[in-house]
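I have placed the structure first, in the form of structure tokens, so that the comments after it can refer back to it.
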Protein chains: 2
Amino acid sequence: MAESASSATSMLKDELDIVIPTIRNLDFLEMWRPFFQPYHLIIVQDGDPSKTIKVPEGFDYELYNRNDINRILGPRANCISFKDSACRCFGYMVSKKKYIFTIDDDCFVASDPSGKPINALGQHIKNLLCPSTPFFFNTLYDPYRDGADFVRGYPFSLREGVPTAVSHGLWLNIPDYDAPTQLVKPLERNTRFVDAVLTIPKGTLFPMCGMNLAFDRDLIGAAMYFGLMGDGQPIGRYDDMWAGWCIKVICDHLGLGVKTGLPYIYHSKASNPFVNLRKEYKGIFWQEDIIPFFQQVVLPKDCTSVQKCYIELAKQVKDKLSKVDPYFDKLADAMVTWIEAWDDLNPAGAPAKLPNGKA
Amino acid sequence: MAESASSATSMLKDELDIVIPTIRNLDFLEMWRPFFQPYHLIIVQDGDPSKTIKVPEGFDYELYNRNDINRILGPRANCISFKDSACRCFGYMVSKKKYIFTIDDDCFVASDPSGKPINALGQHIKNLLCPSTPFFFNTLYDPYRDGADFVRGYPFSLREGVPTAVSHGLWLNIPDYDAPTQLVKPLERNTRFVDAVLTIPKGTLFPMCGMNLAFDRDLIGAAMYFGLMGDGQPIGRYDDMWAGWCIKVICDHLGLGVKTGLPYIYHSKASNPFVNLRKEYKGIFWQEDIIPFFQQVVLPKDCTSVQKCYIELAKQVKDKLSKVDPYFDKLADAMVTWIEAWDDLNPAGAPAKLPNGKA
């Protein structure tokens, strides 16, 4: 299951950007060097723009700080979070590639049970390049994987699957728990390597974590908005969750797939549960209303593009969630601003620009 | 994850029956002896009643052949398949226990990656005794398992889960493929041990295999009907599939859970793909209509018991699937007969009888 670094170099090299929020840890890029060096990096700095991020020699990268975001987006920059890693979604917007892989700077290379380093990016690419099966559950997990297939009773008409839009990877060592669970189980570590990839069925929501995530930008990028978090906002740590709820209902509507499971990364450090509790606590209440909202969302048939779906979703958020808190009114507006900015930077029909300047 | 045979002896010993269709293989019970001997076996012989099944010394069992089924059910015996392992569901009906484990006679004890024999029954019991989470997907799989929990973003109101009605286990070595896949991939073996149990989300159908299956008879037994297969019927090998579709829509309606994943058994021998193709081929066509039917089934609110749900389902099968083939008209009638026979043998309110005669 693990790919060697060398075989990774040939996989979608010119079609994938790696988007990273502020890199605080100098070891991070060194550890990933064998896997990441062939790719272009987009680093989005979440805090003080006067601080400089040192990127080691040999990486091909562009770095955006708050001043860059303000300059590029003008008044629309207010849809991009400040002092929060949610700002990473600006990188999705300015990328010109078909695929995005995003990872946090406290995530290192994990090992598979045989001790071999896991090429997380290589596995994400595999996940994205093979179809998903959202309409019926396959008990042997991903039927397209070597050594697996569709089991008896799986309808033949569904075996072509649908395009995969999102690949959600997992974490060994520190699991992605909320603050209350962190507080209750400070010593819990995830040591179980589950050797599976599976499609999250149509109609089912999931908690999407942005730590180790890849997606097809052409298929779903415009909905991968990480919301308003951090400075000046009443919540944090719901950026990826918000994006996950939105992309899932849109993928379900458009007939696209979302996979979860492999690859694992090694999540090195638990964030501070007290800080997290402060960021999360409104979200803990709100999600009890937000999730039923997303479970009942119906997108009309004429929403045939991600942008149309997302604008419609923003409208329904304003209608239905503003009564939960005025924050959702602001968020719904920011969702519309995000789409305007996305369309501005990604004019319809413009082909993905390859690094050599050819379309 | 594997349980020792000795620790298994204390788990639900007086509350679980093992139901086995005809045992053709004398090694079968010997291999399972350390795990099965503490339990009561119900063997349902599918073929010629004049043939005798030799059960090795030391097992506590009852054996039913066709003459017994005819005698006990009278004219209603026509709902039980003849010359097909689908007859096993008669064993579910005559059991007086809360839990059932059913297994095929070509399924042996598998080993986990460390080489330790897997106590399949012990894992099924664990699965059945801890809740399911059908309303929202947990990316770290079963949140109740040691070392796992609900991840960030999982609504707290859903963390109690719902009672688990069904535990669907998997197969190492020979995967459960249909005849076309068997023909195309005669050498494929399942060697991947996926160390996970997960809830199949609400609203998602799955192909339920009867080879290695456990369920809570009180919660869902009356819907675990394996249909009309084998002698005199136009199809075979859809007995467990039919039951799977029925139990899933009923569990979804009643707020019960269905789990799949661990435990694995070792499936020793592929059945003949040519014979299978003859049994399956109508089903391969029919499932293209059956599955959309089950995907759209709505059970009315007043269906508050499994029996009421099942009778309503029979009505809808008659209405909607009889046009696919007259077989479904007959099957819908048999579903009603099954419930009549079930209720006859399991009077409402009768507590499960314990082997010592005490209620």
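Note on naming: letters A, B, ... go to the chains in the order of the sequence lines (proteins, then strands), and numbering restarts at 1 for each one. What you see below is based on every heavy atom in this structure, not just the backbone, and it leaves out hydrogens, waters and symmetry mates.
- Across B:Y238, B:F135, B:Y154, B:Y141, the residue that shares the most heavy-atom pairs under 4.5 angstrom with chain A is B:Y141.
- Using a 4.5 Å cut-off between heavy atoms, B:P134 does not touch chain A at all.
- With a 4.5 Å cut-off on non-hydrogen atoms, A:T139 touches chain B through its backbone and its side chain both.
- In this structure, the portion of B:L198 lying under 4.5 Å from any heavy atom of chain A is its side chain and not its backbone.
- Contact annotation: the side chain of B:P175 approaches that of A:L140 to within less than 4.5 Å [non-hydrogen atoms, C-beta and beyond].
- Between atom CG of residue B:N138 and atom OG1 of residue A:T260 there is a gap of 9.5 Å, rounded to the nearest 0.5 Å.
- Only the backbone of B:F150 comes within less than 4.5 Å of a heavy atom of chain A; no side-chain atom from C-beta onward does.
- Shortest non-hydrogen contact noted between B:D195 and A:R192 is O-CD, 3.2 Å.
- For the set B:Q295, B:Q182, B:M241, the entry with the most heavy-atom pairs within less than 4.5 Å of chain A is B:M241.
- Residues A:I284 and B:F156 form a side-chain contact, since some pair of their non-hydrogen atoms from C-beta on lies under 4.5 Å apart.
- With a threshold of 4.5 angstrom between heavy atoms, B:R237 approaches chain A through its backbone and through its side chain.
- Side-chain contact between A:V151 and B:W171: present, with at least one pair of heavy atoms (C-beta onward) separated by less than 4.5 Å.
- Shortest non-hydrogen contact noted between B:P155 and A:I291 is CG-CD1, 3.2 Å.
- Here the closest heavy-atom approach between residue B:R152 and residue A:D240 is recorded as NH2-OD2, 2.7 Å.
- With respect to A:D178 and B:R159, a salt bridge is recorded, a charged nitrogen being found less than 4.0 Å from a carboxylate O.
- The interface of residues 199-215 of chain B with chain A, defined by heavy-atom distances below 4.5 Å, comprises B:I200, B:P201, B:K202, B:T204, B:L205, B:F206, B:P207, B:C209.
- Heavy-atom distances place no part of B:A179 under 4.5 Å from chain A, backbone and side chain included.
- Other residues, nucleotides and ligands contribute more than 12 heavy atoms inside 6.0 Å of the CD atom of B:Q296.
- The candidate with the highest count of non-hydrogen atom pairs below 4.5 Å against chain B, out of A:T191, A:I290, A:T181, is A:T181.
- Residues B:D146 and A:E188 form no side-chain contact, since every pair of their non-hydrogen atoms from C-beta on lies 4.5 Å or further apart.
- Residue-environment remark: OH (A:Y281) stays at or below the threshold of 12 foreign heavy atoms within 6.0 Å.
- The parts of B:S157 that come within reach of chain A are both its backbone and its side chain, each placing non-hydrogen atoms under 4.5 angstrom from that chain.
- Of the two parts of A:D289, neither the backbone nor the side chain holds a non-hydrogen atom closer than 4.5 Å to a non-hydrogen atom of chain B.
- Heavy-atom distances place no part of B:N276 under 4.5 Å from chain A, backbone and side chain included.
- At distances below 3.5 Å, at least one donor-acceptor pair connects side-chain atoms of A:K185 with backbone N or O atoms of B:A148.
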